[in-house]
Amino acid sequence: MIETENVINKFVKESQEILKDNFTGIYLHGSAVMGCFNPEKSDLDLIVVVNEPLQDDVKRKFMNMVIEVNEAGPAKGIEMSIVTKDVCKPFVYPTPFELHFSEMHLGWYKDDPQDYVRKMKGTDKNLAAHFTLIGKRGKL
């Protein structure tokens, strides 16, 4: 898992550099914290928490970093969502997100990054399960 740790560390470091004072934290969840991570079959699941909503230019910089780090990641890549701190406590359901990425969105972002960052915002009912797992086993 040393290579995976390098990917996570790079993701965290570059997230802090891009988000600056807006950065609150990053939480690792999913198979990587459940003890069943397999770099040949798993993805890295991350929740990024920010203080304030993101502007499109920041989303674009962030996504460019995600795409770069994703290439060095496990077989199924990185899956991440960015949420604002105010939807975490008290928890809001369905949970609004600022930005989301998974391998299935790679083509859309590469084909039209402007469209992606403008439209990839909404709510996700699945974030409730992710937050529950973060509360039980997540890592900062």
Side-chain angles (χ1 to χ4, degrees):
M1 182 133 159
I2 293 173
E3 291 175 13
T4 302
E5 287 179 24
N6 290 340
V7 170
I8 294 167
N9 290 338
K10 182 175 175 128
F11 185 92
V12 170
K13 180 179 182 271
E14 293 194 20
S15 295
Q16 290 171 320
E17 290 173 6
I18 293 166
L19 298 171
K20 301 180 181 9
D21 292 341
N22 200 14
F23 178 83
T24 299
I26 296 178
Y27 297 87
L28 179 65
H29 64 97
S31 62
V33 298
M34 297 295 290
C36 55
F37 180 80
N38 177 340
E40 301 301 318
K41 297 180 180 180
S42 301
D43 61 3
L44 280 177
D45 298 296
L46 299 156
I47 300 285
V48 180
V49 182
V50 295
N51 293 309
E52 303 292 331
L54 302 177
Q55 299 297 318
D56 284 355
D57 63 323
V58 175
K59 288 181 182 182
R60 184 88 179 263
K61 286 179 193 173
F62 196 87
M63 280 302 303
N64 288 340
M65 176 276 292
V66 171
I67 299 304
E68 178 186 327
V69 174
N70 188 62
E71 291 175 8
K76 288 193 176 177
I78 291 172
E79 182 168 352
M80 71 92 209
S81 293
I82 300 178
V83 299
T84 56
K85 182 170 60 173
D86 65 334
V87 305
C88 298
K89 203 169 189 178
F91 184 69
V92 175
Y93 180 84
T95 312
F97 64 90
E98 290 294 306
L99 187 64
H100 175 78
F101 173 77
S102 69
E103 277 281 319
M104 66 186 276
H105 300 116
L106 185 60
W108 177 16
Y109 183 75
K110 286 186 173 184
D111 289 345
D112 194 344
Q114 184 175 341
D115 185 60
Y116 186 91
V117 299
R118 193 175 63 249
K119 292 180 180 174
M120 186 49 81
K121 180 177 180 172
T123 59
D124 183 353
K125 292 179 180 180
N126 292 329
L127 285 171
H130 300 324
F131 274 74
T132 300
L133 182 56
I134 287 169
K136 301 286 183 191
R137 294 196 176 184
K139 293 185 182 179
L140 180 63

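Everything numeric here is computed off the predicted structure, so don't read it as measured data.
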Taking only residues two or more places apart in sequence or in another chain, which ones pass salt bridge (Lys or Arg N to Asp or Glu O under 4.0 Å) with K89? none

Is the ring pair Y109/Y116 parallel, tilted or perpendicular, if the boundaries are 30 and 60 degrees? perpendicular

Can a salt bridge be assigned to the pair D115 and R118 using a cut-off of 4.0 Å between side-chain N and carboxylate O? yes

Strictly distance-based, threshold 3.5 Å: is any side-chain N or O of T95 a donor or acceptor partner for the main-chain N or O of V92?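 Answer holds: yes.
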
Which atoms form the tightest heavy-atom contact between [X] and [Y], and what is the distance?
X   : Y   : result
M63 : M80 : SD-CE, 4.3 Å
T84 : N51 : CB-O, 4.4 Å
D43 : S31 : O-OG, 4.0 Å

Could you list the donor-acceptor pairs under 3.5 angstrom formed by side chains in residues 66-74, with sequence neighbours left out?
from : atom 1 : to   : atom 2 : distance (Å)
E68  : OE2    : K10  : NZ     : 3.2
N70  : OD1    : I78  : N      : 2.7
N70  : ND2    : E103 : OE2    : 2.5

Decide if atom [atom1] of [X] counts as having more than 12 heavy atoms of other residues, nucleotides or ligands within a radius under 6.0 Å.
X   : atom1 : answer
Q16 : CD    : yes
E17 : CD    : yes
K76 : NZ    : no
D21 : CG    : no

Chi angles and distances behind the side chain to side chain contact (heavy atoms under 4.5 Å, CB included) call for K59, K121: CA-CA 11 Å; K59 288 181 182 182; K121 180 177 180 172; 3.9 Å; yes

Contact list for residues 55-92, test ring-ring contact (aromatic ring centres under 6.0 Å, His included), sequence neighbours left out: F11-F62, F91-F131

